[in-house]
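Both ligands and their constituent atoms are indexed starting at 1 by order of listing.
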Amino acid sequence: MPLPVSRRSFLHLASSGLAVSALGLAPSAGARQRAPVAAINTPAPAIGTVYLNFNECPLGPAPAALDAARNVLPRSGRYLFEMAEQAVQLLAAEWNLPTAQIALYPGSSDPLNRAATLFTSADAGVVVADPTFEAVADVAAHRGAPVHKVLLRDDGAHDVRAMAAAATHAGLIYLCNPNNPTGSITPRADIEWLLAHKPASTVLLVDEAYIHYSDQTSVIDLVAGRQDLIVLRTFSKLYGMAGLRLGVAAASPQLLSQLAGLGENPLPVPAMAAGIASLRDPQLVPTRRAENARIRERTIAWLERQGYACLPSQSNCFMVDVKRDGQAFTAAMARQDVLVGRSWPIWPQRVRITVGTEAEMLRFREAFALAMR
Ligand code: PLP
């Protein structure tokens with residue numbers, strides 16, 4: 001018999017740690033005795049559960065993307081492969097790359113998993129930052145590949161020199177820019193240095209899932225003429241299409257053919273329509289980037305005024321030092337219907353917060369103040 005719990009409420013429980021508190025593992029007395037933070041003067045509007053846990057875009061697809069996705073639904077009994085060609089042409093024009101160097105996938109997890117599968121094994125490890133998005137290391141570990149974790153530098157950048165040194169027997173280096181969960185930037189010059197100094201046979205996978213939120217220069221142009229670089233993009237973040245599924249890999253035709261060799265996976269038609277409409281709107285990226293940055297910086301400034309340090313971020317998330325067990329904090333927030341992200345093992349007292357709308361971040365402040373009482 002199915003359990004009387006929806007997928008959403010299950011995710012809610014799992015991500016919030018309420019499953020833990022349901023078992024009676026409440027936050028420690030010490031955690032409850034921290035100094036209170038200042039109360040919020042203006043109460044936040046009632047907006048239901050606030051999802052600041054998965055680095056999604058709270059705005060969803062742009063209005064033109066929604067229209068395009070709706071309008072194409074009656075034709076979605078067909079694969080409509082020609083739409084993928086159209087999307088690739090738009091990206092090729094934007095990035096000044098040949099279309100043969102661009103491949104679309106249903107989300108960027110797909111090519112990310114393919115790269116981890118192709119380039120890691122028991123004899124070929126993966127080098128990743130610590131902390132970073134774990135998907136590549138998880139797939140590699142599952143394949144029995146050694147995972148070499150290299151601490152981020154104090155400024156939040158990937159330590160490319162240490163990563164190159166750790167890559168002697170590595171098949172893959174994973175570099176996320178801006179990094180998840182920190183939102184920190186690795187300068188392009190460092191990535192160029194890594195390309196010049198890593199072992200020639202090691203593939204560098206640069207994940208630019210969050211680059212639209214930053215003012216960092218992409219390295220996508222560097223895939224031209226290289227056999228050892230894959231750059232990933234996704235429509236799941238700034239474009240607000242996480243549930244629609246559209247992602248991109250840019251690499252040499254040979255590398256793309258290796259990725260494709262793991263099997264076909266046609267694209268969801270509404271996602272292609274929404275992606276094309278999004279790419280045709282030149283204002284979408286700068287407008288959403290500016291709005292996200294404004295709300296992020298206001299929230300960080302508020303937290304810091306309360307005495308909670310945050311790491312500098314150029315993304316739609318940031319890490320705050322909650323000065324107590326991160327899981328207990330997350331559970332205390334979830335009890336107030338504000339779902340925040342998690343901690344990474346290396347930093348158990350820092351918690352990742354996704355940037356929501358202005359109203360959602362007011363609710364976040366309210367809940368934060370109560371959680372810290
Ligand atoms: N890369 C990074 C850094 C992410 O944070 C995520 C998702 O959160 C992904 C890739 C995968 O995203 P998607 O498969 O939705 O494109």
How does Phe54 reach ligand 1, if at all, at less than 4.0 Å between non-hydrogen atoms: by side chain, backbone, both, or neither?
neither

Nearest non-hydrogen protein atom, atom 5 (O) of ligand 1
Tyr210 OH, 2.6 Å

Provide, to 0.1 Å, the distance between atom 7 (C) of ligand 1 and the closest protein heavy atom, together with that atom's residue and name.
Lys237 NZ, 3.3 Å

Determine whether any heavy atom of Asp207 lies closer than 4.0 Å to an atom of ligand 1.
yes

Closest protein heavy atom to atom 16 (O) of ligand 1, given as residue, atom name and distance to 0.1 Å:
Thr234 OG1, 2.6 Å

Can you list every pair that meets ring pair (Phe, Tyr, Trp, His ring centres under 6.0 Å) and has a residue in residues 111-143, with sequence neighbours left out?
none

Output the list of atoms in ligand 1 that are nearer than 4.0 Å to some heavy atom of Arg245, sorted by atom number.
13 (P), 14 (O), 15 (O)

Determine whether more than 12 heavy atoms belonging to other residues, nucleotides or ligands lie under 6.0 Å from atom CZ of Arg188.
yes

Ligand 1-proximal atoms of Ser109, by part, heavy-atom distance under 4.0 Å:
both

Got the closest protein heavy atom to atom 12 (O) of ligand 1, with its distance?
Ser108 OG, 3.5 Å

Taking only heavy atoms of Tyr174, which atoms of ligand 1 are found under 4.0 Å from at least one of them?
3 (C)

Please state which part of Tyr105 comes within less than 4.0 Å of ligand 1, counting heavy atoms only: side chain, backbone, both or neither.
neither

Please name all residues satisfying side-chain hydrogen bond (donor to acceptor under 3.5 Å, both in side chains) with Thr186, sequence neighbours left out, ordered by chain then number.
His158

Would you mind running through ligand 1 and noting each atom that sits below 4.0 Å from a heavy atom of Cys176?
3 (C)

Determine whether Asp321 and Lys323 satisfy the following criterion, salt bridge (Lys or Arg N to Asp or Glu O under 4.0 Å), listing intermediate values before the conclusion.
CA-CA 5 Å; Asp321 184 347; Lys323 301 195 275 191; over 6 Å; no

Among all protein heavy atoms in this structure, tell me which lies nearest to atom 6 (C) of ligand 1, with the distance rounded to 0.1 Å.
Phe133 CZ, 3.4 Å

Work out which heavy atom in Ser218 is nearest to a heavy atom in Ile211; give both atom names and the distance.
CA-CD1, 3.9 Å

